[in-house]
Number of protein chains: 2
Amino acid sequence: MASGPLTPAEILEAARKRVPGMGIATVYRNLKLFLRSGLAREIALPGSSSRYELFNLEHHHHFQCRDCLQVYCLHGCPGGLHALTPEGFVLEEHEIVLYGRCAGCNLDYKM
Amino acid sequence: MASGPLTPAEILEAARKRVPGMGIATVYRNLKLFLRSGLAREIALPGSSSRYELFNLEHHHHFQCRDCLQVYCLHGCPGGLHALTPEGFVLEEHEIVLYGRCAGCNLDYKM
DNA sequence: TAAAAATTGATAATAGCTTATCAGTTTCAG
DNA sequence: CTGAAACTGATAAGCTATTATCAATTTTTA
């Protein structure tokens with residue numbers, strides 16, 4: 001299980017550990033099917049190409065380390081987002097991304 | 001004042017109302033300066049190119065309409081994000097994006 | 001005001017990601 | 001088996017967004 005959503009290139013790299021010789025086209029092809037059928041969703045972050053994750057996971061959010069750029073899944077959700085929604089708007093979904101420094105990079109920094 | 005963060009193309013379009021003949025290169029050039037000096041920040045959303053907004057605004061978040069794709073600024077912040085941050089991680093910033101239907105599109109839908 | 005430096009718009013070039021193509025292979029129904 | 005349909009990997013092609021280039025113009029400096 002991945003620690004967070006993956007870019008197509010990362011998906012390819014991971015898949016090749018089980019299916020050596022897989023091509024990037026297959027990744028994009030299946031990704032598109034997964035997205036269309038609602039099995040996966042796209043997470044866009046500044047500075048890199050979109051990442052994707054399976055949509056059968058518990059509702060959660062993400063943390064990107066400013067140092068190693070790794071994206072981690074978090075547990076839980078602060079809630080209270082309806083309070084931000086303007087009059088007349090309908091809130092359907094939301095995405096929260098935290099930015100900072102992960103434990104590993106934070107440690108490196110101190111040494 | 002814009003209702004939300006703009007793509008480079010939208011920035012160009014807006015700027016040309018005041019400075020006709022401005023080129024896209026100038027937009028990117030100045031955007032890069034703004035970003036480097038911390039005057040502007042980048043908002044990435046799935047499906048479109050990054051949007052940018054001035055960073056001298058009150059802390060706030062965004063709402064994208066699934067219908068017209070317009071991005072709106074919201075007021076306020078739910079807080080409580082430190083509770084999501086794993087042990088050993090350092091939280092520096094965060095971004096919240098709500099998705100749904102804006103008042104205008106919601107109205108159209110009902111008619 | 002003259003020369004140097006900085007900025008501009010147009011557009012060519014680049015870069016990166018995504019899709020299309022195609023021949024070879026696999027799957028599967030009959 | 002057997003033929004049709006679906007799928008595959010490699011790679012060419014396409015597409016967008018961004019950057020580099022360059023001559024012309026504007027601004028700055030002394």
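Side-chain heavy-atom separations under 4.5 angstrom define the hydrophobic clusters, and the remaining members of the one that includes B/L91 are A/F63, A/Y72, A/L74, A/L81, A/L84, A/F89, A/L91, A/I96, A/L98, B/F63, B/Y72, B/L74, B/L81, B/L84, B/F89, B/I96, B/L98.
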Listed pairs under 3.5 Å, donor-acceptor, residues 33-47 of chain B side chains, sequence neighbours left out:
| unit_1 | atom_1 | unit_2 | atom_2 | d |
| --- | --- | --- | --- | --- |
| B/S37 | OG | B/L33 | O | 2.9 |
| B/S37 | OG | B/F34 | O | 3.3 |
| B/R41 | NE | B/E53 | OE2 | 3.1 |
| B/R41 | NH1 | B/E95 | OE1 | 3.1 |
| B/R41 | NH2 | B/E53 | OE2 | 2.9 |
| B/E42 | OE2 | B/S50 | OG | 2.6 |

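Residues satisfying the ring pair (Phe, Tyr, Trp, His ring centres under 6.0 Å) criterion with A/H60, sequence neighbours excluded, are A/H62.
Residue A/L35 contributes atom CG, which lies 15 Å from atom C1' of C/dT19 at whole-angstrom precision. In this structure, A/L33 atom CG and D/dT8 atom P are separated by 9 Å, rounded to whole Å. Going from atom CG of A/L12 over to atom P of C/dT19 covers 15 Å, rounded to whole Å.
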* Asked: Along nucleotides 15-27 of chain D, 5' to 3', which nucleotides get a B, which get an S, and which get a -, given that the test is a protein heavy-atom distance under 4.0 Å?
  -> --SSBBB------
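Listed by first then second residue, pairs satisfying side chain to side chain donor-acceptor pair (under 3.5 Å) with a partner in residues 73-86 of chain A number zero, not counting sequence neighbours. Sorted by first then second residue, the salt bridge (Lys or Arg N to Asp or Glu O under 4.0 Å) pairs that include residues 79-88 of chain A, not counting sequence neighbours, number zero.
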